[in-house]
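What follows is one structure encoded as C-alpha cells, with my remarks underneath.
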Amino acid sequence: MKKTQVNNYIMLSLCSTILHFMLLPQTDMIFPRDRIIHVLISYVLFFILIHALQYADFSKGVLKYIITLTLAVRSVYIVHAFVRYFQTFYGSNTFAIIIFSITVAAMVYDLNDIKISNMYGFFLVLNIFMMIAIFALSIYKLNVANIYANNTDFSFSISKTYLFFDVISLAIVIPRGKGRLYAQKRYLSVSLIFVVIVTLIQGFCVRGNMLYSIPPLQSLFQIYSGNTIKRFDYYFAVIQTINYFAAIILYTNAIKKIYVVEKEDGYDKN
C-alpha cells in the first residue's frame, strides 16, 4: 500500500475521531485537567494495543466475526449519536442522514484504495479550516483566568477514558507490518494533540459549570452561536456532517477488507 493511501486512511480515522469527540456521551461535568489526564492515560493504553495489533490478521478464524460485529456496533453507534445530535441541537428531520449513510456505504464498497485516497486533500483542508475557525472565533473569548477558576481535581474513572477506536480501523485497512504501526502511531499522536488543544481552548473560553456537561468541541460550537456572533455553529455542523460521512467510508471499507482479502504488497514509501 502506497504512502498516499496510508495517509488517506489516517485522515479518515482522524475525521472519525473529531466527530466522536463532538458526539462523546457525557453524563457528568468533566473539567480540563481531569479530561487531559484521562486522555493521556487512554493514549498510553492504546499505544500498547497498537503493538499487539501490528501483525494481527482480521480475515481469519473467530477474530473475523468478532471484529465484524465490533465494526457493525461502532457504525450503528456513530449513526445513532449523529442523528441524536442533530435532533437535539437543530431539530432537523434526520431520516435523510440515514438514507445518505446507506447510499454512501453502498457507493464506497465498490471503490478501491486508490480512488478512496483521492479524497485525502478534501478532508485535510476541511479540518484545517475548522481548526483555524475555532482559533479565530475563540481569540476574543480567551481568558487564562477561566481555566484556573474551574475545578482542578482528578478522579479516575473508566467512563472518562477516551476511546481512540480507530487504531482498530487502521489495523484492518492497512496491511500487517511497519506500515500499519506507522499509521496507528501517527493517528494516535495527531488525535491526542487535537483533543488536548480543544480541551485547553474550552478551559480558556468557558467559565462556570454548565458548558462542561457536554464535550469540549460541542461546548465551543455552542458559544459560537450567541447573539453577537452569527450562528457559526451551523457551519461547523456542515463540517462535522462531512466528517460523519468520512467515518462511514472508513468503516464500510474496513468491513470490506475483512472479507475481500487483497494481496499484501507491504508498505511503499513512494
Q: Would you sort out whether R33 and N150 count as a side chain to side chain donor-acceptor pair (under 3.5 Å), showing the intermediate values?
A: CA-CA 9 Å; R33 182 174 181 271; N150 295 319; over 6 Å; no
Give the table of side-chain donor-acceptor pairs shorter than 3.5 Å for residues 192-206, with sequence neighbours excluded, one pair per line with atom names and distance.
{"from": "T199", "atom 1": "OG1", "to": "V195", "atom 2": "O", "distance (Å)": "2.7"}
{"from": "Q202", "atom 1": "NE2", "to": "L211", "atom 2": "O", "distance (Å)": "3.3"}

Q: Measure the shortest side-chain to side-chain distance between P215 and L23 over non-hydrogen atoms and say whether it is less than 4.5 angstrom.
A: no
Q) Side chains of V108 and Y251: does their closest heavy-atom pair fall under 4.5 Å? A) no
Q: Taking the side chain as every heavy atom from C-beta outward, state whether I18 and Q240 have any atom pair closer than 4.5 Å.
A: yes
(Q) Hydrogens and angles aside, do Y187 and T17 bring a side-chain donor and acceptor to less than 3.5 Å of each other? (A) yes
Q.
As an exercise, state the distance from CG of L14 to CG of L124, rounded to the nearest 0.5 Å.
A. 9.5 Å
**Q.** Flag for T68-Y259: side-chain donor and acceptor within less than 3.5 Å
**A.** yes
Q) Will you find, in the side chains of Y9 and D113, an N or O donor that is under 3.5 Å from an N or O acceptor? A) yes
Q | For A183 against V6, the heavy-atom pair lying closest together | A | CB-CG1, 3.7 Å
Q.
Working note: Y43 + S189, criterion side-chain contact (heavy atoms from CB on, under 4.5 Å); need CA distance, chi angles, decisive distance, verdict.
A. CA-CA 8 Å; Y43 175 86; S189 298; 3.8 Å; yes
**Q.** Common cluster, V76/I168, ILVMFWY with side-chain heavy-atom separation under 4.5 Å
**A.** no
(Q) For Q218 versus M22, what's the shortest heavy-atom pair and its separation? (A) NE2-O, 2.7 Å
(Q) Using a 6.0 Å cut-off, check whether atom CD1 of I114 has over 12 heavy atoms from anything other than its own residue. (A) no
Q) Where do T241 and A237 come nearest, in terms of heavy atoms and distance? A) OG1-O, 2.7 Å
Q. Which distance, rounded to the nearest 0.5 Å, do you find between the CG of L170 and the OG of S16?
A. 9.5 Å
Q.
I'd like to know if the side chain of T161 reaches the main chain of I158, judged simply by a donor and an acceptor atom lying under 3.5 Å from each other, with no hydrogens or angles considered.
A. yes
Q) Is the shortest heavy-atom distance from the side chain of I10 to the side chain of K185 under 4.5 Å? A) no
Q) Should the ring pair F31 and Y212 be called parallel, tilted or perpendicular, given that the plane angle runs from 0 to 90° and is split at 30 and 60? A) tilted
Q: Find out whether L217 and L24 are in side-chain contact, i.e. whether some heavy atom of one side chain is under 4.5 Å from a heavy atom of the other.
A: no
Q | Connected via hydrophobic side-chain network under 4.5 Å: V144 and I223 | A | yes
Q.
One pair to check against side-chain contact (heavy atoms from CB on, under 4.5 Å): I37 and K160. What are the steps and the verdict?
A. CA-CA 10 Å; I37 293 175; K160 294 179 187 177; over 6 Å; no
Q. When rounded to the nearest 0.5 angstrom, what distance separates CD1 in I242 from CZ in F123?
A. 7.5 Å
**Q.** CG/L69: more than 12 non-hydrogen atoms of other groups inside 6.0 Å
**A.** yes
Q: Enumerate the residue pairs fulfilling ring pair (Phe, Tyr, Trp, His ring centres under 6.0 Å) with a member in residues 125-163, sequence neighbours excluded, ordered by first and then second residue.
A: H20-Y162, F21-Y162, H38-F154, H38-F156, Y162-F164
Q.
If hydrophobic clusters are built by linking Ile, Leu, Val, Met, Phe, Trp and Tyr wherever their side-chain heavy atoms come under 4.5 Å apart, do L40 and V167 end up in the same one?
A. yes
Q. Can V79 and Y244 be said to form a side-chain contact (heavy atoms from CB on, under 4.5 Å), step by step?
A. CA-CA 8 Å; V79 172; Y244 165 76; 3.2 Å; yes
Q) Is I128 linked to Y235 within one hydrophobic cluster, defined over Ile, Leu, Val, Met, Phe, Trp and Tyr using a side-chain heavy-atom separation of less than 4.5 Å? A) yes
Q) Do Q184 and F47 touch side chain to side chain, with heavy atoms closer than 4.5 Å? A) no
Q | Heavy-atom pair with the smallest gap, counting every atom of C15 and N127 | A | SG-ND2, 3.4 Å
(Q) Testing the basics here: between D166 and S13, what is the closest heavy-atom pair and its distance to 0.1 Å? (A) OD2-O, 3.6 Å
Q. Which distance, rounded to the nearest 0.5 Å, do you find between the OG1 of T4 and the CG of N118?
A. 8.5 Å
Q. For D34 and N151, does a side-chain donor sit closer than 3.5 Å to a side-chain acceptor?
A. no
Q.
Any non-hydrogen side-chain atom of N8 less than 4.5 Å from a side-chain atom of M119?
A. yes
Q | K64 vs F58 side-chain heavy atoms within contact, under 4.5 Å | A | no
(Q) side-chain contact (heavy atoms from CB on, under 4.5 Å), that's the test. Do F165 and L71 meet it? Break it down for me. (A) CA-CA 10 Å; F165 176 86; L71 283 172; 4.1 Å; yes
Q | Heavy-atom neighbours of M210 CE exceed 12 at 6.0 Å | A | no
Q: Report yes or no: does N253 contribute a side-chain atom to a donor-acceptor pair with the main-chain N or O of I249 at less than 3.5 Å?
A: no
Q: Could you tell me the separation between the CE atom of M11 and the OH atom of Y120, rounded to the nearest 0.5 Å?
A: 7.0 Å
Q: Mind checking the CZ-NE2 spacing from R180 to H51? Nearest 0.5 Å is all I need.
A: 13.0 Å
(Q) Count I, L, V, M, F, W, Y as connected when their side-chain heavy atoms are under 4.5 Å apart, and connections chain through other members. Are Y65 and I172 then in the same cluster? (A) yes
